[in-house]
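So you know, we letter chains A, B, ... as the sequences are listed, proteins then strands, and number each from 1.
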Amino acid sequence: MIFAAPSIAPVRFACSPVDPHPGIVLVCHRLSLYLVKDGKTVLDLKFARDHNDQVRQMLQNRRSDLDATQILTLDERRRQVLAEVETLKAQRNRVNQEITDLKKAKADASALIGQMKAVSDRIKELDQEAAKTDQALREFMLLVPNVPHESVPVGLSEADNVEVRRWGSPPVFDFTPRDHWDIGEALGILDFPRAAKITGSRFTLLKGAASRMERALINYMLDLHTTRHGYTEVLPPFMTNADSLMGTGQLPKFGEDLFKLEGWNYYLVPTAEVPVTNIHRDEILAGDDLPIQYTAYTPCFRAEAGSHGKDVRGIIRQHQFDKVEMVQFTRPEVSFDQLEQLTRHAEAVLQGLGLHYRVMVLSTGDMGFSSAKTYDLEVWLPGQETFREISSCSCFTDFQARRANIRFRRGQGAKPEFVHTLNGSGLAVGRTMVAILENYQQADGTVVVPEALRPYMGGLERITPLR
RNA sequence: GGAGAGGUGGCCGAGUCGGCUUAAGGCGCUCGCCUGCUAAGCGAGUGUAGGGUGUAAAGCUCUACCGAGGGUUCGAAUCCCUCCCUCUCCGCCA
C-alpha cells in the first residue's frame, strides 16, 4: 500500500481583521503559516520564509496551484509596512502626551499639533496599505487545503480509496431484491411525484411507516450516542451566517453547494458540522474539558451543484435530508485516536441495525478540502448490489480551529493552543432507511423492522402497505 | 413592525462639555507571607494578538484591541454614521 509520506506536513492559513469578501466578516485573528508534525504545531510563518522550498513542495503534493513564493512577497511587504506604521504610531502617542501636558499648563501646542497632522495622514495611508496586504495574504491562505495525514493513501480519485475492514455479510434472498424506491412506492410510504409537485426534484414525501421510521432512526441514533458513547445532545439553528461557514471551510470555496437565503446573510446548514463546530468559535476552552463531544440531529440542505443526473432515483441524493452528526473538540495529540473511536461510534449504529458495511479510508484524491484524514462507512444495498456511503468521519487537525479561532489552555497560565476538531455522520438518516428497506425486504413486498428500532416504532415488527 | 435602554478585561462594575484611565474599584484566580487546620488578613501578580530584539525559553520594547466596521480630530471607551447582538414595552405570530 502506498502512503503519503510528507516529512513535514502542511500549509494552513488563518486570517486577520479585514473583509476579503463583501458581506462576509472573518473572525480569525492569526496571520501565520505553520507546519504540523505529530499533530503538534512546531513552526510558523518564519519557517515558511526560511524553508520556502519545502512549503512549495507540500502545495504541489496536494495538487494546489498556489504559488508559495507569494507568501514571501506578501509577508515581507506586510512586515515592512508594520514596522513603519508602528514607529509612527509610537511617535504619535508620545507627542500626544506632550500636547496634553502643554494644554494642562495652558501653553500653546499648535506647533506640535500642526506637525502631527502630517504624521497622522501618513499613518492613515500605511494602515490602508497594511490592510490590503493582510487581505491578500489571508485570501491566499483561505484557499490552501488541509494536508493529509501520513497514513492516508496517495491517489487521484475514489478508485484509490482503500478498504480497511468490513462487518457482517450481505443478506441472502430467494428472490430478486428490489430497489428502495420500488419497495417504498409499493408500500405507499415514499411519494416522489407529490414531493416534486410540492417543491421539485430531489425531494421526497415520507408517509406512514417511513416518516415514523425516520423519526425513530433519529431517536435511536441520538440515544445511542448520548447513553453509550458519551456525547452531549445539542439542537442548533438550522441556518448559519457566513462566518460559521468560513470557520468550517465550506466558504469561501464551496458557496455554490449551499442554499443561501435571499436578502439575508444566512445559509441553510449543509451539515450539522457547521453550527455545532462553531459553538466554540472564538473561545478558549479549558484543557480539562476536552474532549468535548456533541451529537446533533439536523436536516441538511445541499444544492448538489454538479451532481445533475447522478442518483436521480430514490432518496439517496436529496436537496434535504436528515442526519445525526457527531462532533469532537480534542487535544492535538489524541485527535487521530479519537478519529478511530468516532468511526467506531458510527459503525455501532450500523451494527445495531444489523446492516452489512465496509470502512474505507479516502485517498488524497477523494478527501475533502478541510480534512486531514477521512473514513467513509459504506453500507451494502442489495437492490443496487453495491456499497453506498452512509457516513463520513474526518479529523480536521487544527484546520477548522484556526479558521474559527477555537483554542484551549492546558492549564492555569498556559498559552492558548488550537484544538483539533473531528466530526462524522452517525448516520445519514435517509440512507439508513434506504439500507433497511433494501436489506430487510421480504418476498411479499413487506419490510421487517430491525429489532433495535421496534421500541421506537411502537413495537411495529413489519411494514405492510399503507391503508 | 413601532417606541425605548444597553453592549467595557475570566466575572461584576466605574468612566459623556474627547487628553493625569498607561481602562478606576471589586470579585475570582495564581504565587508568597502569616496562621493548630479551615476561614480571615497582608503583599505581589493576573488578557489576547502582532512587530522588533534574544540560538531558544525567559526577558525587554513597540503597536492594536472598551460589540463590529467606517468617519471627525493632533488625540476617541468617550462625538458622528452604518451594521450586529441583548433587554423592556406595544403590535403580530407558532
_Tell me the interatomic distance from A/R122, atom CZ, to B/U73, atom P, rounded to whole angstroms._
19 Å
*Whole angstrom value for the distance that separates P of B/C83 from CH2 of A/W264*: 14 Å
*Once you round it to whole Å, what is the distance between C1' of B/A76 and CD1 of A/I123?*
14 Å
_Closest nucleotide among B/U48, B/C74, B/A64 to the A/I113 side chain_ = B/C74
*Closest nucleotide of RNA chain B for A/K415 versus for A/Q97: which of these residues is on the 5' side?*
A/Q97
_Side-chain N or O of A/R92 versus OP1/OP2 of B/A64: is the shortest distance under 4.0 Å?_
yes
*With respect to A/L422, which candidate in A/Q400, A/Q293, A/Q328 satisfies the side chain to side chain contact (heavy atoms under 4.5 Å, CB included) definition?*
A/Q328
*According to the Watson-Crick and G-U wobble definitions, with both distances under 3.5 Å, which nucleotide is paired to B/G75?*
none
_Using the rule given for ring-ring contact (aromatic ring centres under 6.0 Å, His included), can you reason through A/F369 versus A/F399, listing the C-alpha separation, both sets of side-chain angles and the distance that settles it, and then say yes or no?_
CA-CA 10 Å; A/F369 176 76; A/F399 186 88; 5.6 Å; yes
_Any strand: nucleotide that pairs with B/G69 via Watson-Crick or wobble, under 3.5 Å_ = B/C81
_side-chain N/O A/K124 vs B/U72 OP1/OP2, d < 4.0 Å_ = yes
*asked:* Need one value for A/R94: base, sugar-phosphate or nothing, where a base atom within 4.0 Å counts as base even if backbone is also close, heavy atoms only.
replied: nothing
*Which whole number of Å gives the distance between the P atom of B/U63 and that of B/G6?*
33 Å
*Could you give the distance separating B/U8 and B/A77 at their P atoms, to the nearest angstrom?*
16 Å
*Starting at CG of A/L82 and ending at P of B/U63, how long is that distance when rounded to a whole Å?*
13 Å
*Name the closest nucleotide to the A/P416 side chain, picking from B/U48, B/A64, B/G19.*
B/U48
*Base partner of B/G50, which must satisfy Watson-Crick or wobble distances under 3.5 Å*: B/C62
*asked:* Can you measure A/F408 atom CZ to B/G10 atom P for me and round it to whole angstrom units?
replied: 19 Å
_Touch class at under 4.0 angstrom, heavy-atom based, for A/K103 against every strand present_ = base
*Which heavy-atom pair separates A/A216 from A/M457 by the least distance, and what is that distance?*
CB-CG, 3.5 Å
_Watson-Crick/G-U partner (both atom distances under 3.5 Å) of B/C17_ = none
*Name the pairing partner of B/C27, where a pair is Watson-Crick or G-U wobble with both distances under 3.5 Å, or state none.*
B/G10
*asked:* Using O4'-C1'-N9-C4 for purines and O4'-C1'-N1-C2 for pyrimidines, with syn meaning within 90° of 0, is B/G54 syn or anti?
replied: syn
_I'd like the P distance from B/C92 over to B/C84, given in whole Å._
25 Å
*Quickly work out the A/D75 CG to B/G51 C1' distance and round it to whole Å.*
11 Å
*C1' atom, B/A44 versus B/U48: distance in rounded Å?*
23 Å
*Could you say whether A/T100 or A/N93 is positioned toward the 5' end of RNA chain B, judged by the nucleotide with the nearest heavy atom to each?*
A/T100
*What distance, rounded to whole Å, do you find between the two P atoms, one in B/A76 and one in B/G69?*
15 Å
*Determine whether the side chains of A/T397 and A/N146 contain a donor N or O and an acceptor N or O closer than 3.5 Å.*
yes
*A/E325 and A/Y294: side-chain donor and acceptor closer than 3.5 Å?*
no
*For nucleotides B/C81 and B/U22, find the distance between their C1' atoms and express it as a whole number of Å.*
30 Å
_What is the distance, to the nearest angstrom, from the CE atom on A/M116 to the P atom on B/A76?_
11 Å
*asked:* Between A/D191 and A/K197, does any side-chain N to carboxylate O distance fall below 4.0 Å?
replied: no
_Nucleotide nearest A/R79 when distance is taken to its side chain, options B/U63, B/G52, B/U72_ = B/G52
*Hey, are A/N93 and A/Q97 close enough side-chain-wise for a donor-acceptor pair under 3.5 Å?*
no
*Go ahead and name the base partner of B/C37; Watson-Crick or wobble counts if both distances stay under 3.5 Å, otherwise write none.*
none
_Without decimals, in angstroms, what is the distance between A/I284 CD1 and B/G47 P?_
12 Å
*Reckon A/D101 touches a base, only the sugar-phosphate, or nothing at all at heavy-atom distances under 4.0 Å?*
nothing
*Is B/A5 paired to anything, Watson-Crick or G-U wobble with both distances less than 3.5 Å, and if yes, which nucleotide?*
B/U86
_Distance between P atoms of B/A39 and B/A49 (Å, rounded)_ = 33 Å
_Please report the distance separating the P of B/C93 from the corresponding atom of B/C85, rounded so that it comes out in whole Å._
24 Å
*Nearest heavy-atom pair of A/S425 and A/M326: which atoms, and what distance?*
O-CE, 3.9 Å
_Checking contacts here: which listed nucleotide (B/G75, B/U48, B/G50) is nearest the side-chain heavy atoms of A/R78?_
B/G50
*Report yes if at least one side-chain N or O of A/S110 is closer than 4.0 Å to OP1 or OP2 of B/C74; otherwise report no.*
no
